[in-house]
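To find a chain, count down the sequence lines: A is the first, B the second, and so on, and within it residues start at 1.
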Amino acid sequence: MSDTICSYPGDRDEALVTYLYDGESDAASRALFEAHLAICIRCAEDLEAIRGVRTELARWSPPEPRFAVLDPRSNPQSNPYSDLQSNPQSAIRNPQWWRAIPAWAQVAAALVFLGVAAGLANLDVRYDSNGLSVRTGWLPPRDARVGDVRIAPPTTTAGTASQINAVPPWRDELAALERRLKTEFHGAQVGPMTASAGLPPRVASDAEMVRRVRTLIDESEKRQQSELALRLAEALRDVNAQRQADLVRVDRALGTVENKLGVQVLRNQQQMNYYIRTSQRQ
Amino acid sequence: MTWTDEELVARSIGGDSDSFNELVLRWERPIYALAYRTIGREEDARDVCQETFLRAFRALPGFRGQAKFSSWLYRIALNLCRDWVRRERRAPVVQPPENVDLLDLAAAAEPSESIEALVARRDLARAVERAMAVLPEEQRTAIILKEYHGLTFQEIAELVGCPLSTVKTRLYQGLTVLRRELAKNNRTTV
């Protein structure tokens, strides 16, 4: 090591980085740079300093992610990738949020939706002396308008054969549609009630929820305790550092005072000596 | 039996969802770590990690194995990180995230570590984060890929789309800046 000016033949920065990461340079380049290191103090110092940086970098770890994605097998329910095959979009962004909604709420939402839809469509269902009437749209009713269907009530159908033959051909289909709608409405209203009567699943779900909440609370308490301990340690360290700094300052101040005192004593002594010498001469 | 990434990809394309889950299990930590070190926020790193696998899954049929699966995944993650930084218009890793609990992390790793050591470790991690925040994006990416993910110079060059010598220069410059910043921080601390 004789000079601080680097005279490496070639791109010295590249060579240094290549040498820094073992195994990425060939033997010849490596030997060449090692020979250079032996005579170049600047490169040797750079290399050592950058190795130190790498050591510090190695201590930087990302925090543990607090989500279940890291171990889908341990908790398949919360694995956002589990239903990627069927629904890639919702699987990641919002994993089956609707399953968390109770059945009664889903039915209520469906009924509200149907109600709103019927309102928007201005659905008008009447059953009067003229029979069952189902009408949609915002125009005023007309007798023979498209979209306005009528079914004569059973009492009015008990007439002559000619009256029966006068019934339109779509009447049966409409009656079937009406029956199906009624069945579906009835099923939607009764279904969830009967389903909720089966208590064990709900109870199990509640117990599971309580267990999860307790686990969360426990984890939170542990974290808080850890954080508290950490804060205390930090405060203690700060206090100690401050105390040390104060002690050093006090020590320095004392030293200064002692110095001044010593100087003063020395002066007094010299003055005294002078007086003594003067008095002896006289 | 342990399948290779490429075998798992082939099985996933064939409709085996367990194989894709296996790939997720295998690569989610590195991808999350890459995202966290690049953008510096745990929540956003998590989102980037999930989005990376979502995009990978969608694009899986088009993966022909020209590159390693991991390199392909890293490229998706890096693009997402870059988008994130541009979209948010804020410098990444300027502030260490508030909810980073290195105490838990360190305690889990080394239960016998003293609280003073944990404090020191936390301080050091913050110092590194602050120093990394100073780096330009290209230098930071090069350092992260090399230091924390062990990619070769060639792999990094292919991943970020620049010549090999540029990767080395970025690494050297980045490490030099880090050296200066960490020294500055040490002087401040002392």
Side-chain angles (χ1 to χ4, degrees), chain A residues 11-18 20-21 23-25 46 49-54 56-67 69-73 76 79-86 88-89 91-93 95 219 222-223 225-234 236-238 240-241, chain B residues 15 17 20-21 24-25 28-29 32-33 35-37 42 45-46 49-51 53-54 57-58 97 99-109 114-116 118-119 121-122 124-125 127-129 131-132 143 146-148 152-154 164-165 167-169 171-173 175-176 178-179 182-183:
Chain A
D11 193 323
R12 172 257 185 194
D13 296 350
E14 276 189 34
L16 191 143
V17 165
T18 313
L20 188 67
Y21 295 96
E24 291 224 28
S25 59
D46 262 11
I50 289 178
R51 277 184 177 148
V53 170
R54 290 190 68 200
E56 294 201 43
L57 284 179
R59 295 178 189 159
W60 181 34
S61 312
E64 281 293 307
R66 292 176 187 148
F67 57 99
V69 66
L70 288 180
D71 194 2
R73 283 180 178 170
N79 175 12
Y81 308 106
S82 59
D83 63 346
L84 265 174
Q85 299 281 6
S86 56
Q89 184 59 47
I92 299 293
R93 283 284 176 210
E219 286 174 358
K222 278 179 192 167
R223 273 201 300 275
Q225 284 170 0
S226 304
E227 196 63 29
L228 183 63
L230 184 64
R231 298 276 175 241
L232 276 174
E234 281 179 335
L236 201 62
R237 189 195 57 172
D238 290 346
N240 277 332
Chain B
S17 60
F20 189 74
N21 275 341
V24 172
L25 271 177
E28 62 194 346
R29 277 178 188 274
Y32 166 76
Y36 177 78
R37 287 190 176 107
E42 188 183 352
R46 244 161 40 186
C49 180
Q50 291 194 352
E51 187 66 24
F53 284 106
L54 176 61
F57 181 80
R58 283 181 185 151
N99 53 355
V100 170
D101 204 337
L102 285 174
L103 183 70
D104 282 352
L105 176 65
S114 70
I115 201 81
E116 289 81 9
L118 290 181
V119 172
R121 182 199 284 259
R122 186 175 178 142
L124 179 63
V128 173
E129 283 195 15
M132 290 287 280
I143 289 179
K146 188 68 193 165
E147 282 293 328
Y148 299 106
T152 63
F153 294 125
Q154 188 60 45
L164 196 69
S165 57
V167 172
K168 291 180 181 177
T169 307
L171 258 173
Y172 177 77
Q173 289 171 345
L175 288 169
T176 306
L178 282 181
R179 171 189 170 187
L182 289 172

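The closest side-chain heavy-atom distance from A/Leu20 to B/Leu171 is not below 4.5 Å. With contacts defined as side-chain heavy-atom distances shorter than 4.5 Å, the pair B/Gln173/A/Asp13 does not qualify. For the pair A/Tyr21 and B/Thr152, the minimum side-chain heavy-atom distance is 4.5 Å or more.
Note on B/Ala131, B/Ser165, B/Ala33, B/Ala45: by heavy-atom pairs under 4.5 Å with chain A, the leading option is B/Ser165. Note: B/Val128 leads B/Val128, B/Thr176, B/Val167 in heavy-atom pairs under 4.5 Å with chain A.
Among all heavy-atom pairs drawn from B/Phe153 and A/Thr18, the shortest one is CE1-CA, 4.1 Å. In this structure, B/Lys168 and A/Val17 approach most closely via the heavy-atom pair O-CG2, 3.7 Å.
In this structure, CZ on A/Arg54 lies 12.0 Å from CG on B/Leu178, to the nearest 0.5 angstrom.
Here the side chain of B/Arg37 pairs a donor or acceptor atom with the backbone of A/Trp60 at under 3.5 angstrom. At least one donor-acceptor pair closer than 3.5 Å links the side chain of B/Tyr148 to the backbone N or O of A/Leu57.
There is no contact between B/Leu164 and chain A, counting heavy-atom distances below 4.5 Å. Proximity to chain B is limited to the side chain of A/Leu16, based on heavy atoms less than 4.5 angstrom apart. Contact annotation for A/Arg12: only side-chain heavy atoms (C-beta onward) come within less than 4.5 Å of a heavy atom of chain B.
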